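Here's the structure we're looking at; comments come further down.
Below, all heavy atoms of this structure are taken into account, side chains as well, without hydrogens, waters or symmetry copies. Source: prediction; values computed, not measured. Atoms within each ligand, like the ligands themselves, are counted from 1 in listed order.
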Amino acid sequence: MCQGPMHEFLQALPKCEHHMHLEGSLEPSLLFDLASRNGISLPSPTEDPSFQSIDTLLARYRRFTSLDDFLHYYFIGMSVLITPADFESLAYEYFGRAHRDGVVHAEVFFDPQAHTSRGVAYNAIVDGFTAAQKRASADFGITSELIVCVLRHLPVEDGEKMYRDAIPHLETGVIRGLGLSSTEKGNPPHLYRDIYADAERRGFNRTAHAGEEAGVDYMASAVHHLNVMRVDHGIKLPEDESVMALFAQRNIMVTMCPLSNVELRCVSKVADLPIRTYLDNGVKFSINSDDPAYFGGYILDNHCAVQEAFGLDKREWERIVGHAIDGSWCSDERKGELRRHLEDVMVRYKD
Ligand code: ADE
Ligand code: ZN
């Protein structure tokens, strides 16, 4: 990984993470631990030998063939989360890890439908996560927001019901925004237009996964039909210059996840991602970890992978991290603090 002064600089940058699924930060060690504590049976060795041990599971994680292949393991993994304390441990471990990587503000996704469908109460999930947010703020000074995701492999009406249940928390700010995730191909953004129109009317922040496995048409649809402020992944803009120009002109931020895109075979290597193209065309983006326990790296690993592939200079990183601050869903006051933190780091690491 990138060594020397650039590594230290990347570590020190005050990073905002915008694209991280809390359930995707479930490390195999915690997965097995919670399975045994909660009496959850994982697939037997004859059903799937990957679940024999932490090592065999980690080895399987290095051989995902597609988004759906990963999602199969992702949903089995999260089935061990039952009590508010489980959700709290999961999120608190992530915040600690993110803090060590230089994250100062994190906006994190979660998937209520995948838990309520197993009989877990909606409030158990939110109570656990908010307890972790409070502890992480006190212990690490990290600020955070929750983003609730509609799962697109389930019927749209299921997502609508979950969204209705989340409205009180979206109104009070306990949840800061709405997202759309899971199987992308065959579940285009326009199917969710009613949910997003309601969210827009109520003034909620909106983002959606698009242009991960599917093409730029899904990214255009997320803008035209859902009027999103951010697009998650969004690596397909080079397929259509006019959509790329629209993103640049409307300041629609793309939350990129380099290691995820390689692990899920969306690109064969990080160097194939349109990082340079986006910098040259004024498309704003942040660098994120997506599901760090599954993809072999947290946010700093993702920054290092981009550095190795593109050899960016410090001014370019200042731009990227500055855009991530501007595109965050936190207060202007907090953005000001993060901006000053960035200026301090730039002075400290001046060439
Ligand atoms: N849920 C968790 N990770 C995801 C990804 N990479 N794409 C879509 N949905 C997800
Ligand atoms: Zn994602």
- Query: Are Y122 and H169 near enough that their ring centres are under 6.0 Å apart?
  - Reply: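 Yes, they do, as the ring centres are separated by less than 6.0 Å.
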- Task: For residues Y294 and H21, establish whether the separation of their ring centroids is below 6.0 Å.
- Result: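 Aromatic pair excluded; centres sit 6.0 Å or further apart.
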Of the backbone atoms (N, CA, C, O) and the side-chain heavy atoms from C-beta on, which set of [X] has a member under 4.0 Å from an atom of ligand 1: side chain, backbone, both, or neither?
X    : result
E212 : side chain
H233 : side chain
D111 : neither
D232 : neither

- For E107, which of R230, R334, K15, R176 qualifies under salt bridge (charged side-chain N to carboxylate O under 4.0 Å, His left out)?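 Checked R230, R334, K15, R176 against E107; only one passes salt bridge (charged side-chain N to carboxylate O under 4.0 Å, His left out): R230.
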- Query: Taking D280 for the side chain and T277 for the main chain, is one N or O donor matched with an acceptor at less than 3.5 Å?
  - Reply: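 The answer is no, because no donor-acceptor pair under 3.5 Å joins these two groups.
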- Backbone N or O of Y298 within a donor-acceptor pair of the N302 side chain at under 3.5 Å?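 Yes: the side chain of N302 pairs with the backbone of Y298.
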- Task: Verify salt bridge (Lys or Arg N to Asp or Glu O under 4.0 Å) between R348 and E8, making sure each step is shown before the conclusion.
- Result: CA-CA 11 Å; R348 200 162 4 118; E8 259 181 60; over 6 Å; no
- Tell me which protein heavy atom sits closest to atom 1 (N) of ligand 1, plus the residue, atom name and distance to 0.1 Å.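 Minimum-distance protein heavy atom for atom 1 (N) of ligand 1 reads H21 CE1, 3.4 Å.
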- Could you find the nearest protein heavy atom to atom 9 (N) of ligand 1 and give me its residue, atom name and distance?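 For atom 9 (N) of ligand 1, the nearest protein heavy atom comes out as S182 N, 2.8 Å.
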- Near the Zn ion (ligand 2), is there an N/O/S atom from H19 that is less than 2.8 Å away?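 Checking the Zn ion (ligand 2) against H19, an N, O or S atom does fall under 2.8 Å.
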- Task: Check ligand 1 against D291 and write out every atom of the ligand that is under 4.0 Å from a heavy-atom position of the residue.
- Result: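 Numbered from 1, ligand 1 contributes 2 (C), 3 (N), 4 (C), 6 (N).
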- Single-linkage hydrophobic cluster, 4.5 Å side-chain cutoff, V126 and Y92 together: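 Both belong to a single hydrophobic cluster.
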- Metal site angle (apex the Zn ion (ligand 2)), NE2 from H21 and NE2 from H209, 10 degrees: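 That angle is 100°.
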- Message: For F70, state whether at least one heavy atom is located under 4.0 Å from any atom of ligand 1.
- Response: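 Yes, F70 has heavy atoms under 4.0 Å from ligand 1.
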- Message: So, 4.0 Å and heavy atoms of G24: is ligand 1 close enough to count as a contact?
- Response: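 Per 4.0 Å heavy-atom rule, G24 does not contact ligand 1.
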- Heteroatom of D290 nearest to the Zn ion (ligand 2) (N, O or S, atom name):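 D290's closest N, O or S atom to the Zn ion (ligand 2) is named OD1.
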- Message: Less than 4.0 angstrom from a charged side-chain N to a carboxylate O is my criterion; do D326 and R339 meet it?
- Response: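 Looking at D326 and R339, the cut-off is met.
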- Task: Report yes or no: is the cationic atom of K314 (NZ for Lys, CZ for Arg) under 6.0 Å from the centre of the six-membered ring of Y349, at an angle within 45° of the ring normal?
- Result: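 Geometry flag: not set, cation outside 6.0 Å or 45°.
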- Look only at interatomic distance and state if S181 has a nitrogen or oxygen under 3.5 Å from any nitrogen or oxygen of ligand 1.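 Between S181 and ligand 1 (N or O atoms, distance only) the closest approach is not under 3.5 Å.
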